[in-house]
Structure formats: structure tokens, C-alpha cells
Protein chains: 2
Amino acid sequence: MPRTPDAETTPLKTRREQIYEVAGQLFSERGYHGTSMRDLAARLGIQGGSLYAHIASKEELLVELVERAAHQFDEALFSLSAADLPPEAKLREAMRRHLEVVAQNMDSATVFFHEWKHLSPPAYQRVTAWRDTIDHFYRELIQEGIRSGDFRADLDVKMSAYLVLSAVNWAYTWYRPGGSLTPGQVVDQFGQMLLDGLRSQP
Amino acid sequence: MPRTPDAETTPLKTRREQIYEVAGQLFSERGYHGTSMRDLAARLGIQGGSLYAHIASKEELLVELVERAAHQFDEALFSLSAADLPPEAKLREAMRRHLEVVAQNMDSATVFFHEWKHLSPPAYQRVTAWRDTIDHFYRELIQEGIRSGDFRADLDVKMSAYLVLSAVNWAYTWYRPGGSLTPGQVVDQFGQMLLDGLRSQP
DNA sequence: CCTACCGATCGGTAGG
DNA sequence: CCTACCGATCGGTAGG
């Protein structure tokens with residue numbers, strides 16, 4: 001059995017990826033409901049109906065794009081959970097990875113942040129659970145730092161996690177890949193501001 | 001001349017406001033393109049076509065909602081520009097007002113952040129200009145604090161402003177009015193974390 | 001504010 | 001991957 005019955009041939013897989021890529025661009029620019037399948041097909045130089053030779057439905061595109069983004073965040077952070085790093089370094093590293101996912105996938109990140117609400121229930125719930133996992137990761141990280149004495153004892157864990165997440169997530173609105181700042185440089189700055197504060201030391 | 005010719009009667013004005021309010025809810029939940037005029041009418045208990053006795057078009061709703069939100073941010077912050085407050089207090093107060101606008105208008109804020117891209121050119125440009133004004137306000141505020149010596153001299157003004165804006169803007173994704181935290185309490189925490197940092201002092 | 005309707009466009013399919 | 005088409009729904013209007 002050299003092939004599974006539903007194995008896709010190489011050109012098909014490539015086309016599929018092209019579709020996802022362009023869908024990511026359009027969904028992030030115009031939104032899911034603001035993008036028609038004919039818009040998408042036109043960008044690929046084919047007819048609207050031809051898309052369905054490669055994908056099952058418009059919703060499949062959204063599901064796939066959002067879940068891929070969620071998976072990337074998950075993958076970037078999960079391997080850090082058990083890492084044996086001091087809390088500060090771990091926080092910086094988490095922020096760096098998180099921001100890299102945003103920076104290297106600006107379209108998918110935008111779709112992830114804006115369009116997940118339009119998913120139908122099963123995918124919607126999976127994505128919500130994923131977001132909770134990310135929240136939980138940052139809360140654990142802060143908690144560790146408080147326990148170890150590296151972070152201030154009077155921090156509210158939930159609020160600190162929100163603050164860190166704000167910084168790395170909101171970047172999808174202003175960061176421009178290819179601009180003057182690498183994700184690493186952004187995190188160096190954000191990391192220092194968050195850890196040491198904006199106030200000048202007396 | 002007791003009335004201007006196009007003065008609206010009271011019941012009309014009220015209905016208009018109802019329409020904007022419900023449109024804000026629907027646009028924030030389902031997006032602009034994900035909401036049909038018939039959805040909107042149904043929520044108001046009228047027929048789709050009847051909406052056009054009160055408004056000119058769907059786009060008018062979006063323009064009005066986004067510009068109202070922009071105007072609220074503008075109004076909340078503008079009066080602070082010339083205020084004679086120490087930089088720290090000014091930053092806290094700006095964040096408090098900013099977050100109050102978000103908190104008291106979760107729907108409009110969500111529409112403002114998500115749907116402004118769908119505006120047609122004239123309104124799009126006005127809103128973009130407004131956003132720049134807000135950015136500029138925060139940068140000026142940080143700049144003042146650096147000059148006065150209250151904020152660290154090595155801060156990157158642009159990045160610090162992004163960090164502050166991240167904190168207050170991202171709240172539209174997680175803040176729940178009527179929950180356990182008032183905007184003031186959120187800002188007390190965010191303000192302290194941003195000013196003093198997460199790290200425990202040696 | 002309703003009924004009845006307009007042309008346009010939507011996601012998706014059949015058959016090739 | 002195309003042509004040709006489906007029923008449904010879209011924003012909006014006319015006339016009352």
C-alpha cells in the first residue's frame with residue numbers, strides 16, 4: 001500500500017496552502033464576512049466555484065486559520081512551561097516567542113483575534129479553551145516569580161498576566177514586520193519597562 | 001423661527017438612538033458585515049425596510065458608532081493635555097479616563113477597534129487621524145515625564161506609549177462591566193505595575 | 001412603520 | 001479547474 005486512498009498529490013497541497021495564505025490576507029483585511037469566496041478566487045486567478053475542488057467550505061478556511069494560529073501560540077509557549085529558567089528570563093522568553101508568533105503571522109494573528117467569534121460551536125469552544133490555556137500559562141509564570149521572590153509579592157496574578165498579554169497581543173495592531181524593530185528588540189524594551197517600571201529610580 | 005426645518009421630533013430621536021444602541025451590540029458581537037439590517041430590525045421588533053425611515057444607510061450606522069467612540073476618547077483625553085499635573089498623576093488619570101471610556105462603552109469600543117477598517121475613505125481617514133491624535137497624546141505625556149525627570153531617561157517614547165496603550169486598549173477583550181473590578185481599580189493596578197515594575201525591589 | 005418588491009451578490013453544486 | 005446554475009439573502013426603495 002504505497003499510498004493511502006485519500007493522499008493528496010503535491011500540486012493539490014500547494015494550492016490548498018495558497019488558498020489558506022490568501023484567505024488569511026483577505027480575512028485580516030476585510031474580515032471573514034467581508035470576504036467573498038469570489039474575492040478569494042479572483043486573487044488566485046481562478047473562478048469562485050473552483051475553490052471547492054480544494055476545500056469543503058468557507059468556514060473550513062476560518063477554522064483552519066484560527067486553529068493554526070492558536071496552535072502556534074500553544075507550541076511556542078508550551079515547551080517553556082517546564083523549562084528550568086529564572087522567572088524573569090522565562091517571562092522575557094515567553095514574551096519573545098509570543099511576539100514572534102504575532103510578528104511572523106500578522107494576518108493569522110489578526111484573524112485569530114478578530115474572527116474567532118464567527119466560528120461555529122465546536123471550533124469556537126476549542127479556541128476558547130486554547131485561549132484559557134495561554135492565560136493560564138502566564139498566570140503560572142507570574143505565580144512562580146512571586147513565590148521565588150523575583151516578582152513583587154503584592155502583585156495581583158490575574159492583572160499582571162493581563163498586562164503582559166496586552167503588551168504582546170496588542171502588537172498585532174501596530175507592529176510592522178520588516179520595519180526597524182525586530183520582535184526581539186520590542187521585547188527587550190517591553191520586558192525592561194514591565195520589569196523595572198517607567199519611573200526613574202531615586 | 002421656533003424650529004429649524006429639519007429638527008427631529010422627540011420620538012424619532014429616541015428611535016434613532018435605539019437603533020444605534022442595538023447596532024452597537026450586533027456589530028460588536030457579529031461584526032459589521034456579519035450583521036444584516038434585517039437582524040437589526042428584528043431586534044427592534046420592526047421590519048427591515050422600516051429602518052430607513054430613521055437612518056440613511058447601514059454605513060451611516062458604522063460611521064456614527066466609530067466616530068462617537070473616537071470622539072469619546074478624544075474628549076476624555078484632550079482636556080488633560082494642558083492640565084497642570086505631575087507626569088505620574090497625569091498618566092494615571094489619562095489611563096483611568098481611557099479605561100472608563102472602554103469600560104462604559106464595551107460595544108462601541110469593540111466596534112471602534114475591529115470595524116473601522118470597513119469605513120469608506122472619508123470616514124476612514126478621519127478615524128485614522130483621531131487614532132494618531134491619541135497616540136500623540138500619550139507620547140507627549142511620556143516625553144514630559146522624561147524631561148521632568150519623573151520617568152526614566154532611557155525610555156523609548158514611542159514604545160512606552162505603545163505599552164500604555166496596550167494595557168488600556170486590550171481591556172476591551174477581557175474587562176466585564178459589573179464584574180468585581182471598577183476601571184479605577186484596574187488602573188490603580190496597571191498604573192502601579194507600569195510605574196514601579198513587576199520586579200521586587202532588592 | 002408595513003408590504004412588496006428591486007437588482008446584486010452570496011456560498012455552494014452539477015456536470016463536464 | 002470551468003461553465004452554468006441553485007436558492008437564499010443582502011441593502012435599499014416605492015408607495016402607502
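Letters A, B, ... are given to chains in the order of the sequence lines, protein chains preceding strands, and every chain is numbered from 1.
- Atom CZ in R15(B) sits roughly 9 Å away from atom C1' in dC1(C) (whole-Å rounding).
- Atom NZ of K158(B) is surrounded by 12 or fewer heavy atoms from other residues, nucleotides or ligands within 6.0 Å.
- When distances run from any side-chain atom of S50(B) to the nucleotides dT3(C), dG11(D), dC1(C), the shortest one goes to dC1(C).
- dC10(C) atom P lies 17 Å from atom NE2 of H118(A), rounded to whole Å.
- Taking atom CD on Q47(A) and atom C1' on dT13(C), their separation rounds to 15 Å, with Å as the unit.
- Contact check, H33(A) against dC10(D): no side-chain N or O comes under 4.0 Å of OP1 or OP2.
- Close to dT13(D), at under 4.0 Å from its OP1 or OP2, lies no side-chain N or O of Y52(B).
- In this structure, the NE2 atom of H54(B) is 16 Å from the P atom of dG12(D), given to the nearest Å.
- Taking the six-membered ring for Trp and the full ring otherwise, the centers of F73(B) and F112(B) sit less than 6.0 Å from each other.
- Residues S160(A) and R152(A) have side chains that never bring a donor and an acceptor to within less than 3.5 angstrom of each other.
- One can place CG of L40(B) at 10 Å from P of dG11(D), the figure rounded to the nearest angstrom.
- Under the Watson-Crick or G-U wobble criterion, with both distances below 3.5 Å, dC10(D) is paired with dG7(C).
- Rounded to an integer number of Å, the gap from CE of M37(B) to C1' of dT13(D) is 13 Å.
- The residue among R38(A) and D39(B) whose nearest nucleotide of DNA chain D lies closer to the 5′ end is R38(A).
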(request) Go through the steps for E115(B) and K58(B) under the test salt bridge (charged side-chain N to carboxylate O under 4.0 Å, His left out), then give the verdict. (result) CA-CA 13 Å; E115(B) 312 296 335; K58(B) 187 183 183 186; over 6 Å; no
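- A distance of 12.5 Å separates CD1 in I46(A) from CZ in R38(A), rounded to the nearest 0.5 Å.
- For dG16(C), the paired nucleotide is dC1(D), the pair qualifying as Watson-Crick or G-U wobble because both relevant distances are below 3.5 Å.
- Between the NZ atom of K58(B) and the C1' atom of dT9(C) there is a distance of 13 Å, rounded to whole Å.
- Side-chain nitrogen and oxygen atoms of S36(B) include none within less than 4.0 Å of the OP1 or OP2 phosphate oxygen of dT9(D).
- In this structure, the OH atom of Y32(A) is 12 Å from the C1' atom of dC10(C), given to the nearest Å.
- Within 4.0 Å of G48(A), counting heavy atoms only, lies no atom of the nucleic acid at all.
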